[in-house]
Protein chains: 4
Amino acid sequence: MAKLTKRKLQAIKTKAIIYDTFLEMVQECEFEKLTVEKICKKANVSVGTFYHHYRNKYEIIEEIFHRADKFFQEKMSSKQIAGKTATEQIVGFFDLLAQIYNRYGLGFSKALFNTRNNLFINDERVMVTMLRDIIVQGIAENQIISELSAEDLKRILFTTARGIVFDWCLRDGDFSLEEAMHQYILIVVRAIAA
Amino acid sequence: MAKLTKRKLQAIKTKAIIYDTFLEMVQECEFEKLTVEKICKKANVSVGTFYHHYRNKYEIIEEIFHRADKFFQEKMSSKQIAGKTATEQIVGFFDLLAQIYNRYGLGFSKALFNTRNNLFINDERVMVTMLRDIIVQGIAENQIISELSAEDLKRILFTTARGIVFDWCLRDGDFSLEEAMHQYILIVVRAIAA
Amino acid sequence: MAKLTKRKLQAIKTKAIIYDTFLEMVQECEFEKLTVEKICKKANVSVGTFYHHYRNKYEIIEEIFHRADKFFQEKMSSKQIAGKTATEQIVGFFDLLAQIYNRYGLGFSKALFNTRNNLFINDERVMVTMLRDIIVQGIAENQIISELSAEDLKRILFTTARGIVFDWCLRDGDFSLEEAMHQYILIVVRAIAA
Amino acid sequence: MAKLTKRKLQAIKTKAIIYDTFLEMVQECEFEKLTVEKICKKANVSVGTFYHHYRNKYEIIEEIFHRADKFFQEKMSSKQIAGKTATEQIVGFFDLLAQIYNRYGLGFSKALFNTRNNLFINDERVMVTMLRDIIVQGIAENQIISELSAEDLKRILFTTARGIVFDWCLRDGDFSLEEAMHQYILIVVRAIAA
DNA sequence: AATGAATGAGACTTCATTCAT
DNA sequence: AATGAATGAAGTCTCATTCAT
């Protein structure tokens with residue numbers, strides 16, 4: 001069992017403060033303009049401490065991303081899936097995704113949605129495999145009938161979802177991400193899965 | 001009555017060199033890491049000259065964007081539209097868009113696709129009005145039958161297209177943008193316009 | 001007689017435009033931040049033209065200064081001095097000086113009042129000799145009785161006047177220069193000349 | 001409970017080196033021509049270090065100004081005032097002021113005496129209130145009899161003093177500031193306070 | 001674990017001035 | 001006389017990162 005000495009507990013707390021402060025600040029301040037020093041000043045820690053916990057500010061973005069991923073999995077897993085059609089499951093999947101982007105905020109989404117972000121293109125992510133599984137099962141159960149492969153369908157759906165979030169960022173959140181996601185995904189799902 | 005003296009011509013040439021050099025370099029080098037100094041060195045002009053012609057490097061991106069827009073209009077206008085269905089026109093529209101992104105290159109597209117880029121969200125752009133017109137006419141002629149408004153349809157299509165280009169950037173151009181665009185847009189068009 | 005060809009007339013006109021534009025701009029814009037390019041843009045002349053007429057922007061300040069000096073002399077000379085006491089003449093002298101600073105404006109005065117400006121310390125300036133003459137005559141006619149030399153008296157008066165204009169600049173013209181000058185000089189004159 | 005660790009002490013020392021180097025250099029080199037880089041080179045610190053301690057070079061001028069102010073207060077407070085007339089106190093006040101400008105040097109004075117310097121026009125400065133107190137008390141005790149208000153008297157005196165220092169700067173310190181100040185202030189004091 | 005002083009490369013931009021036309 | 005494109009030195013300031021304490 002991990003023994004959490006006072007020191008270690010303090011360290012965890014400090015790291016959490018940095019994390020929370022960053023998440024708070026990135027909503028206000030463009031990610032690229034957010035410097036380590038600014039974060040530290042607001043978090044009331046020294047820059048040295050920052051570098052003790054994170055290699056750089058990109059690492060925090062990654063951490064947020066992974067935590068969001070994990071959160072997504074948990075929520076998705078706990079959803080009552082039994083009795084739902086593949087289509088319903090897909091729509092539910094992206095509803096949840098929209099909820100999460102909304103929850104982590106526009107600032108975080110803006111930071112994430114840049115073309116150099118290779119967090120997106122990891123096909124091993126549980127999120128990705130989850131969707132693929134839904135589709136594969138949908139095909140197996142004849143709920144989805146399409147000339148496209150599960151892989152293609154998955155890709156189209158993610159591409160669409162990213163297009164919507166990107167638009168949401170561009171338009172500074174001036175529409176409901178959740179509603180737009182639901183509407184668009186429904187359209188695509190019907191088109192590809194009928 | 002061209003008032004193009006030799007000096008004026010030289011100036012135009014110099015600006016073109018900067019423009020071309022930039023476009024060339026942005027394919028190799030991440031836009032944010034591309035400095036004015038680097039551009040000038042490669043273009044063999046002084047930094048002063050650069051600032052004589054452009055306010056900063058973002059202005060070049062804008063110029064490329066506007067030129068691409070104009071190029072798009074010209075090409076689109078010259079397309080034989082007569083006899084084509086609204087659906088065909090829409091698909092042709094996005095085929096051309098994909099061609100243009102391809103032509104201006106992955107580097108330029110990456111520079112363009114960031115969430116702070118408000119060049120995208122100008123609804124007055126001719127490109128935007130063109131698509132709306134096609135849709136409006138398609139609805140009027142009963143070629144497009146949808147419960148969605150022309151405005152909504154237009155938005156869905158652009159959002160999808162941006163999602164595809166964004167994906168193309170993320171994946172470093174590892175698929176054919178033109179093919180993907182054609183395929184995805186066809187799916188959406190069928191879904192929304194049937 | 002100077003023959004003013006069309007070309008020469010044009011040149012004089014152009015120089016005047018630059019001069020006037022500068023005087024106008026220095027009221028708004030801090031002198032040090034006023035660049036040759038800005039002046040030229042506003043004056044609608046090329047930078048080359050600027051350098052054809054002036055060596056740099058300091059030369060315009062000098063020209064203004066000398067013109068103001070000349071203007072001062074003319075006005076001062078035309079004043080009916082006959083019958084006036086030395087004291088009255090001194091007060092009148094500085095009243096006029098205040099009028100001129102006021103007329104040329106706060107911006108010009110701010111540009112002038114810096115500690116590197118050696119236009120001030122030229123004791124050969126007619127303005128300086130004028131005041132000295134008044135004082136010398138005042139002493140000779142027993143209107144001024146002081147243990148101080150004419151030279152000292154002159155210096156004290158100019159120092160005081162400069163202190164007032166400097167204060168006027170510091171306080172952004174928030175009091176009447178002419179009134180303050182009149183009041184202060186009266187005090188000093190009475191003190192030193194009684 | 002001094003929390004001065006060795007590192008903190010080193011930091012204070014570094015800042016002092018920058019401060020001292022600046023003060024030394026401004027005597028030789030025109031303030032506007034004194035660049036951060038030059039200061040750092042001479043002080044043997046990096047520019048980063050400079051900006052760690054000061055926001056820009058103007059902040060050093062401010063610091064000098066405030067320290068001089070504080071120094072003035074201390075000296076003035078410690079002066080035996082008891083038994084002195086208001087007039088004597090005023091003259092003593094400006095004697096001290098002249099001493100301080102002399103002590104901080106011509107270069108510093110030149111840097112200070114520009115028309116954009118709003119350090120001067122803060123009427124809350126202790127130096128300002130000190131003089132006003134002396135005058136008010138002098139009026140209350142019938143040592144100063146004048147038709148002018150304490151506020152006006154104070155302003156005339158400061159204006160005169162600034163005129164003298166400005167002149168001293170213009171003439172590159174070619175006269176004794178302390179003597180001139182003493183002489184001029186005496187004249188004004190007698191005139192306004194008799 | 002935490003601190004924060006120090007580094008210095010490097011980005012951006014300005015601007016006086018020249019000179020061929 | 002007038003133009004304005006071109007130059008490039010020089011200044012300001014930022015910021016990720018290190019390291020002794």
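Throughout, a chain's letter reflects where its sequence line sits, starting with A, and its residues are numbered from 1. Hydrogens, waters and symmetry mates are skipped; everything else that's a heavy atom, side chains included, is used.
As a whole-Å value, the separation of D:Lys6 NZ from E:dT3 P is 21 Å. In this structure, CD of A:Gln10 is placed 14 Å from C1' of E:dT3, rounded to the nearest angstrom. Taking atom CZ of D:Arg7 as the reference point, atom P of E:dG4 lies 8 Å away to the nearest angstrom. We find that NZ of A:Lys8 is positioned 13 Å from P of E:dA2, with the value rounded to whole Å. When the P atom of F:dT12 is taken as reference, atom CD1 of D:Ile60 falls 12 Å away, rounded to whole Å. Protein atom OH of C:Tyr58 is 11 Å distant from nucleotide atom P of E:dC15, rounded to whole Å. Rounding to whole angstrom units, CD of residue D:Glu59 and C1' of F:dC13 are separated by 14 Å. Atom-to-atom, NZ of B:Lys41 to P of E:dG10 comes out at 11 Å; the value is rounded to the nearest Å.
The ring of A:Phe65 has its center no closer than 6.0 angstrom to the ring center of A:Phe108. Taking the six-membered ring for Trp, D:Phe31 and D:Tyr58 have ring centres closer than 6.0 Å.
C:Val47 and C:Cys40 make their closest contact through CA-SG, 3.6 Å (heavy atoms, listed as atom of the first residue, atom of the second, distance).
Shown for residues 46-57 of chain B: residues whose heavy atoms fall under 4.0 angstrom of DNA chain F, namely B:Ser46, B:Val47, B:Gly48, B:Thr49, B:His52, B:His53. Within residues 19-38 of chain C, the residues having any heavy atom under 4.0 Å from DNA chain E are, by residue number, C:Thr35, C:Val36.
Every stem involving DNA chain F, taken as at least 3 paired positions in a row under the Watson-Crick or G-U wobble test at 3.5 Å, is listed here: E:2-21 with F:2-21.
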message: Go through it in stages, so that I can follow the logic: the residues are C:Lys110 and C:Glu30, the test is side chain to side chain contact (heavy atoms under 4.5 Å, CB included), and I'd like the CA-CA distance, side-chain angles, deciding distance and then a yes or no.
response: CA-CA 8 Å; C:Lys110 283 180 178 175; C:Glu30 188 171 338; over 6 Å; no

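Put simply, the side chain of C:Lys57 never gets that close to the backbone of C:Phe22: no donor and acceptor are under 3.5 Å apart. Here the side chain of B:Asn117 pairs a donor or acceptor atom with the backbone of B:Leu112 at under 3.5 angstrom. Of the possible polar contacts, one joining the D:Asn56 side chain to the D:Glu59 backbone as a donor-acceptor pair under 3.5 Å is found. With A:Gln10 contributing its side chain and A:Thr5 its backbone, the two residues share no donor-acceptor pair below 3.5 Å. Looking only at distances, a side-chain donor or acceptor of A:Lys38 sits under 3.5 Å from a matching main-chain atom of A:Lys33.
Geometrically, D:Arg67 engages D:Tyr19 in a cation-pi contact defined by less than 6.0 Å to the ring centre and at most 45° from the axis.
Under the 4.0 Å criterion applied to side-chain N and carboxylate O atoms, B:Glu24 and B:Lys42 are assigned as salt-bridge partners.
Each of B:Asn44 and C:Ala11 was matched to the nucleotide of DNA chain F holding its nearest heavy atom; the match closer to the 5' end belongs to C:Ala11.
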